[in-house]
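This report concerns only the one structure given below.
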Amino acid sequence: MKKNRRPMINDALRLLRLYLGLSQKELANVLDISQSMVSEIESGTKSVSMELLERYSENFDVRMSQLLFFAEELEGEPVKTRGKLIIASHVLSLLEKLSPKELSHAP
């Protein structure tokens, strides 16, 4: 049985939130989306739109190119540079090992 894995961009956004020290609810308020949408994005059940990536970029002073580094596909089309995806997956793995753990405080 094949295990479904979460897209790298979704993992990267979850790690960004953890590095920023925000709960899902706090992030949702900043991005003007629902907490359930944040949860769905981070779990990989919802795709990330370019509009939402722009909100992350603007609100957290992260360049779009840095966020798009982790995109495996854009607008439904696979990224053509496989080497970039190999490097991105290694970077994501390292960030995961170094990341703060999930925030336990709930407002």
Rounded to the nearest 0.5 Å, what separates atom [atom1] in [X] from atom [atom2] in [Y]?
| X | Y | atom1 | atom2 | answer |
| --- | --- | --- | --- | --- |
| Ser34 | Met37 | OG | CE | 7.0 Å |
| Gln35 | Glu40 | CD | CD | 9.5 Å |
| Leu31 | Gln24 | CG | CD | 11.5 Å |
| Leu53 | Gln66 | CG | CD | 12.5 Å |
| Arg14 | Ile9 | CZ | CD1 | 13.0 Å |
| Phe69 | Arg63 | CZ | CZ | 12.0 Å |

Please tell me if the side chains of [X] and [Y] come closer than 4.5 Å, counting only heavy atoms from C-beta onward.
| X | Y | result |
| --- | --- | --- |
| Val30 | Arg55 | no |
| Glu42 | Leu27 | yes |
| Leu16 | Leu22 | no |

Closest non-hydrogen atom pair, Met64 against Met50:
CE-CE, 3.8 Å
Gly44 and Pro7 have their tightest heavy-atom pair at CA-CD, 4.2 Å
Would you sort out whether Leu52 and Leu13 count as a side-chain contact (heavy atoms from CB on, under 4.5 Å), showing the intermediate values?
CA-CA 11 Å; Leu52 185 57; Leu13 295 176; 5.6 Å; no
Are any side-chain N or O atoms of Asn10 and backbone N or O atoms of Lys46, one a donor and one an acceptor, separated by less than 3.5 Å?
yes
